[in-house]
2 protein chains.
Amino acid sequence: MQKKPRDPDNLGIKLDAQLCFAIYGAAHAFTRTYKPLLDPLGLTYPQYLVMIALWEEDDQPVKAIGDRLGLDSGTLSPLLKRLEQSGLVTRRRDRDDERQVRISLTKKGTELKAQATGVAQAIGKAVGCSLEEAVALRDELIALKQRLTKAGSEETQSSV
Amino acid sequence: MQKKPRDPDNLGIKLDAQLCFAIYGAAHAFTRTYKPLLDPLGLTYPQYLVMIALWEEDDQPVKAIGDRLGLDSGTLSPLLKRLEQSGLVTRRRDRDDERQVRISLTKKGTELKAQATGVAQAIGKAVGCSLEEAVALRDELIALKQRLTKAGSEETQSSV
DNA sequence: CGTAATTAGATTGTGCGCAATTGAATTGCG
DNA sequence: CGCAATTCAATTGCGCACAATCTAATTACG
């Protein structure tokens, strides 16, 4: 029932489409894998990413978190308010620069890290490959992201 | 600048977090790369994925498209209505099984494929690696997705 | 035949993700 | 100092993503 790929134009779009599907599917599979693990913690996947950023370094401005995760204030503002409502973080204006809102962990937010370790271990198991493979995949994805981002910015400036 | 991994617990969460960030970032970088290319076609990235599925095989039920892309009716129903409003597809009940809604390409939808070839080529360029590397990455991602999906389903059935 | 179980799709509600706009604070410059 | 440009967050609007619920059609089974 499958047609042979004999059209070169079609070959191009096919690989593109497959890489499309693959990365799209893998990202969502990741989210779905995390969901049952994060539900007991009361976190969504993006919220979990924000918490990781804060566990790595507490008391960051919104901008820093956004840069780390590639999210803008339109996404982060409501997300952080929900984390605040959950009692995991506090938001307060920086005294030296009142434009900035600094996000800090509460006691509850700090304590949640212990449980998150369990989540990470479960994910490590679900990923089902060695540390070396995981590292390699991570690096490939980072490199891919950088190439894509670079290509995008060149596209932009070439039009000037 | 890199710290040596001497804390096993912390190592786990760190690698997990990094793979997290990496796949999350790569997926979004992909979407952002597509956006300027798809805007002229009047398509979003998920809509583009649906169109690819239809270009590969026309006249599919919603369910088949959902299985292909891993999306449910809650996502596809409104998305397909938008594609219908754009004049790219038609939706009609299957005569033999009235539960199914079959999605077919219009003339306009079929013709859009020619332009999409240009998109695919631009993406191929932005990905910036050889066909072989792209194929390898695709396969790794597919394998990762399968492991994650499998781990998730085992988790579910183990509770019975 | 008729009822139960299954299946396909639509709808509702919550939470991202991002572009565009707004508003307040800070910085730069004359 | 005063004013323009910049920066940071918040808000608004649109489009996914997905769980939960609902309706209608089909299939299974007694």
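Residue numbers start from 1 in every chain, and the chains themselves are labelled A, B, ... in the order their sequence lines are given, proteins ahead of strands.
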Requested in this report: Could you name each residue pair satisfying salt bridge (charged side-chain N to carboxylate O under 4.0 Å, His left out) that touches residues 18-32 of chain B, not counting sequence neighbours?
Outcome: none
Query raised in the report: Given atom CG of B:L38 and atom P of D:dG15, what is their separation to the nearest angstrom?
Result: 15 Å
Query raised in the report: Whole Å only: how far is the CG atom of A:L69 from the C1' atom of C:dC18?
Result: 15 Å
Report task. State whether A:Q47 places a side-chain N or O below 4.0 Å from either non-bridging phosphate oxygen (OP1 or OP2) of C:dG15. Result -> no
**Report entry** Which residue lies more 5' along DNA chain C, comparing A:D94 with A:P78 via nearest heavy atoms
**Finding:** A:P78
Query - Test item: B:D72 side-chain N/O and B:T75 main-chain N/O as donor-acceptor pair under 3.5 Å - result: yes
Query raised in the report: How close or far is atom C1' of D:dC18 from atom OH of A:Y24, stated in whole angstroms?
Result: 11 Å
Report task. Could you work out which one of D:dT26, D:dA19, C:dC16 sits closest to the side chain of A:P46? Result -> C:dC16
Query raised in the report: Has A:Y45 got a side-chain N or O lying under 4.0 Å from the OP1 or OP2 atom of D:dA17?
Result: no
Requested in this report: Group every Ile, Leu, Val, Met, Phe, Trp and Tyr by side-chain heavy-atom contacts under 4.5 Å, then state whether B:Y45 and A:L71 land in the same group.
Outcome: yes
Query raised in the report: So what does A:D96 touch, heavy atoms closer than 4.0 Å: a base, only the sugar-phosphate, or nothing?
Result: sugar-phosphate
Query raised in the report: Does A:R147 use its side chain to pair, donor to acceptor, with the backbone of B:V127 at less than 3.5 Å?
Result: yes
**Report entry** Mate of D:dA20 where both pairing distances stay under 3.5 Å, Watson-Crick or G-U
**Finding:** C:dT11
Report task. Please check if the side chain of B:T106 supplies one atom and the backbone of B:G87 the other of a donor-acceptor pair under 3.5 Å. Result -> yes
Query raised in the report: Rounded to the nearest Å, what distance is computed from the CZ atom of residue B:R92 to the P atom of nucleotide C:dA8?
Result: 18 Å
**Report entry** Among D:dG15, C:dG17, D:dA17, the one nearest B:T44 by side-chain distance
**Finding:** D:dG15
Query raised in the report: Nearest-Å distance, CG (B:D67) to C1' (D:dC18)?
Result: 15 Å
Query raised in the report: Is A:G70 touching bases, backbone alone, or none of the nucleic acid, heavy atoms closer than 4.0 Å?
Result: sugar-phosphate
Query - Whole-Å distance separating the CG atom of A:L71 from the C1' atom of C:dA19 - result: 14 Å
Query raised in the report: Atom CZ of B:R95 and atom C1' of D:dT26: how far apart are they, to the nearest Å?
Result: 17 Å
Report task. Rounded to the nearest angstrom, tell me the gap between atom OH in A:Y34 and atom C1' in D:dA17. Result -> 18 Å
Requested in this report: Check the angle between the aromatic planes of B:W55 and B:Y48 and answer parallel, tilted or perpendicular using the 30° and 60° thresholds.
Outcome: perpendicular
Heteroatom pairs (N/O) under 3.5 angstrom, protein to nucleotides 7-10 of chain D:
| from | atom 1 | to | atom 2 | distance (Å) |
| --- | --- | --- | --- | --- |
| D:dT7 | O4' | A:R99 | NH1 | 3.4 |
| D:dT7 | O2 | A:R99 | NH1 | 3.3 |
| D:dA9 | OP1 | A:V62 | N | 3.2 |
| D:dA9 | OP1 | A:V101 | N | 3.2 |
| D:dA9 | OP2 | A:K63 | N | 2.8 |
| D:dA10 | OP1 | A:R91 | NH1 | 2.7 |
| D:dA10 | OP2 | A:S77 | OG | 2.7 |
| D:dA10 | N7 | A:S73 | OG | 2.8 |

**Report entry** Basic-acidic side-chain contact under 4.0 Å: B:R102, B:D97
**Finding:** no
